[in-house]
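Below is one structure, written out as structure tokens; comments come after it.
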Number of protein chains: 2
Amino acid sequence: MEEIKTNFEDITSRLKNNNIRLSHQRLKVLEFLHRNRIHPTVEQIYHGLIDEIPTLSKTTIYNTLNALTEAGLVKILNIEENEARYDIETDEHGHFKCKVCGNIYDFKVNMDSLEIKGLDGFKILTKDMYFSGICAKCVE
Amino acid sequence: MEEIKTNFEDITSRLKNNNIRLSHQRLKVLEFLHRNRIHPTVEQIYHGLIDEIPTLSKTTIYNTLNALTEAGLVKILNIEENEARYDIETDEHGHFKCKVCGNIYDFKVNMDSLEIKGLDGFKILTKDMYFSGICAKCVE
DNA sequence: AATAAAGTTGTAATGATTACAAGTTATAAA
DNA sequence: TTTATAACTTGTAATCATTACAACTTTATT
């Protein structure tokens with residue numbers, strides 16, 4: 001409960017800092033991402049909300065996701081070749097894509113413990129880790 | 001010298017195993033990748049070879065890169081949102097994209113030493129690590 | 001209430017990648 | 001050396017995710 005509250009304060013403050021208004025459409029997109037932890041595509045978000053908001057446009061979803069990404073509330077995953085996916089979980093973690101079922105799984109990983117050679121003097125701002133293979137369900 | 005020889009044997013055997021012929025165009029693409037370690041786009045490869053092979057088609061480059069990727073001789077990098085990049089270096093390493101100059105740098109990293117939670121029973125086949133930030137040159 | 005800034009939406013444009021079909025080249029068998 | 005078959009190249013057209021744009025609507029501010 002407390003977690004949700006701080007979370008919400010975090011959201012509203014981040015929105016204010018970026019001059020982003022929490023419109024009806026944007027709230028619904030955020031809710032969808034919170035409820036559906038499947039790293040959905042724009043297409044999936046669109047189909048998940050079109051019944052609730054019949055006038056919804058895909059352009060709005062793109063605008064919303066780009067705005068939320070700039071505000072640091074959403075992360076774009078480029079784990080697929082052709083289609084972006086969106087993640088409401090912004091804490092550091094890796095992503096695994098199953099080549100059989102296509103699902104994308106989160107995994108915990110400590111990226112700070114990595115021994116890296118070749119980036120002396122580089123300023124690292126983002127770290128993304130994409131694995132692929134066969135998930136436990138599909139291995140059976 | 002010896003390295004190049006084994007490398008070439010590796011190439012020819014891998015091509016044979018995948019029923020891929022080393023045509024003139026494909027050889028030139030491979031040479032370009034070996035000489036230009038910049039993780040080039042299809043566009044860059046095309047412009048780098050069109051003078052030498054005036055009849056060259058981008059479709060051929062796509063076909064070639066897809067074939068070489070299937071044979072394990074080339075790796076596709078999805079580090080950009082909109083355009084694929086291709087890497088002739090198939091040994092395990094990470095990639096860093098500078099947000100200022102746009103260059104993509106390799107870095108050494110031991111991915112086996114990662115402490116991962118959440119992938120028990122998963123069969124991991126590929127591991128990709130994409131960093132972004134500002135490179136040493138652009139930091140100055 | 002008036003004004004300006006931000007948001008929504010539909011349509012059109014962009015651009016990377018793939019599909020396809022016709023012609024060309026190389027390999028293997030006879 | 002011919003023949004047949006499989007692989008390769010190429011140009012054009014199609015696909016499809018994403019962005020650009022313009023008209024309109026909503027929200028915040030004075």
Side-chain angles (χ1 to χ4, degrees), chain A residues 11-32 39-71 73-86 102 104, chain B residues 11-30 32 39-47 49-71 73-86 102 104:
Chain A
I11 288 177
T12 49
S13 68
R14 279 178 181 273
L15 292 176
K16 269 188 186 164
N17 291 342
N18 286 269
N19 269 344
I20 298 174
R21 293 175 189 163
L22 191 55
S23 66
H24 180 59
Q25 287 87 340
R26 287 175 180 175
L27 182 61
K28 289 299 176 186
V29 169
L30 272 173
E31 280 179 7
F32 184 88
H39 319 90
T41 64
V42 166
E43 192 69 24
Q44 287 175 314
I45 299 171
Y46 179 78
H47 279 112
L49 295 178
I50 190 61
D51 286 342
E52 215 174 338
I53 315 171
T55 62
L56 185 62
S57 156
K58 275 187 195 170
T59 301
T60 298
I61 299 177
Y62 278 106
N63 288 341
T64 295
L65 292 169
N66 287 337
L68 296 176
T69 299
E70 263 184 82
L73 293 171
V74 164
K75 273 213 69 182
I76 300 177
L77 306 187
N78 290 317
I79 196 172
E80 313 255 15
E81 318 76 42
N82 60 327
E83 210 174 5
R85 290 179 165 273
Y86 296 87
I104 292 172
Chain B
I11 289 177
T12 49
S13 69
R14 276 179 183 273
L15 292 177
K16 269 189 189 164
N17 289 342
N18 286 271
N19 270 346
I20 297 174
R21 293 175 188 163
L22 190 53
S23 66
H24 180 59
Q25 287 87 340
R26 287 176 180 175
L27 181 61
K28 289 298 176 186
V29 169
L30 272 174
F32 184 88
H39 319 90
T41 64
V42 166
E43 194 69 24
Q44 288 174 314
I45 299 171
Y46 179 78
H47 280 111
L49 295 179
I50 190 63
D51 287 343
E52 217 175 338
I53 315 171
T55 61
L56 185 63
S57 155
K58 275 187 196 169
T59 301
T60 298
I61 299 177
Y62 278 106
N63 287 342
T64 294
L65 291 169
N66 287 338
L68 295 176
T69 300
E70 263 184 84
L73 292 171
V74 165
K75 273 213 67 180
I76 299 178
L77 305 187
N78 291 318
I79 196 171
E80 313 256 13
E81 317 75 45
N82 60 327
E83 209 175 4
R85 291 178 164 273
Y86 296 87
I104 292 172

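Owing to the predicted nature of the structure, the values given are computational and were not obtained by experimental measurement. Labels below follow one simple rule: chain letters A, B, ... track the order of the sequence lines, proteins then strands, and each chain is numbered from 1.
Contact annotation for B:Asn66: backbone-only contact, meaning every heavy-atom pair under 4.0 Å involves sugar-phosphate atoms and none involves a base. Residue contacts shown for B:Gln25 are limited to sugar-phosphate atoms, with no base heavy atom under 4.0 Å away. Nucleic acid contact class of A:Thr41 (heavy atoms, under 4.0 Å, all strands): none. If you check every strand for non-hydrogen atoms under 4.0 Å, B:Asn63 touches a base. A:Ser23 comes within contact range of the sugar-phosphate backbone alone, with a heavy-atom separation under 4.0 Å but no base atom that close.
Nucleotide C:dT27 holds its C1' atom 15 Å from the CG atom of B:Leu15, rounded to whole Å. Nucleotide D:dG11 holds its C1' atom 12 Å from the CD1 atom of B:Ile50, rounded to whole Å. Between the CZ atom of B:Arg85 and the P atom of C:dA16 there is a distance of 12 Å, rounded to whole Å. Between the CG atom of B:Leu27 and the P atom of C:dA26 there is a distance of 13 Å, given to the nearest Å. The CG atom of B:Asn82 sits 22 Å away from the P atom of D:dT15 (whole-angstrom rounding). When the P atom of C:dG15 is taken as reference, atom OH of B:Tyr46 falls 16 Å away, rounded to whole Å. Rounded to a whole Å, the NZ atom of A:Lys58 is 16 Å from the C1' atom of C:dT8. A straight line from NE2 of B:His24 to C1' of D:dC8 spans 13 Å, rounded to a whole angstrom.
Nearest-nucleotide positions on DNA chain D for A:Val42 and B:Thr64 put B:Thr64 closer to the 5' end.
Distances from the side chain of A:Thr59 to the nucleotides C:dT9, D:dT10, C:dT17 place C:dT9 closest. For A:Arg21, taking side-chain heavy atoms from C-beta onward, the closest of the listed nucleotides D:dA20, C:dA16, D:dT27 is D:dT27. The side chain of B:Tyr62 has C:dT17 as its nearest neighbour among C:dT8, C:dG10, C:dT17. Picking from C:dG7, C:dT9, D:dG11 the nucleotide with the shortest atom distance to the side chain of A:Arg26 gives C:dG7. In this structure, the nucleotide among D:dG11, D:dA17, C:dT9 sitting nearest to the side chain of A:Glu83 is D:dA17. Comparing C:dA16, C:dT9, D:dT10 by their nearest atom to the side chain of B:Ile53 picks out D:dT10. Comparing D:dA7, C:dG10, C:dA6 against the side chain of A:Asn19 picks out C:dA6 as the nearest.
A 4.5 Å side-chain heavy-atom check between B:Ile61 and B:Leu65 finds at least one atom pair inside the cut-off.
Note that CD of B:Gln44 is 7.5 Å distant from CD of B:Glu83, once rounded to the nearest 0.5 Å. With rounding to the nearest 0.5 angstrom, the CG atom of B:Leu27 is 10.5 Å from the OG1 atom of B:Thr64.
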Residues B:Tyr86, B:Thr41; criterion side chain to side chain contact (heavy atoms under 4.5 Å, CB included); working and verdict: CA-CA 6 Å; B:Tyr86 296 87; B:Thr41 64; over 6 Å; no

Side chain to side chain contact (heavy atoms under 4.5 Å, CB included) evaluation trace for A:Glu80 with A:Ile104: CA-CA 10 Å; A:Glu80 313 255 15; A:Ile104 292 172; 4.0 Å; yes

Worked verdict on B:Gln25 versus B:Leu56 for side chain to side chain contact (heavy atoms under 4.5 Å, CB included): CA-CA 8 Å; B:Gln25 287 87 340; B:Leu56 185 63; 4.0 Å; yes

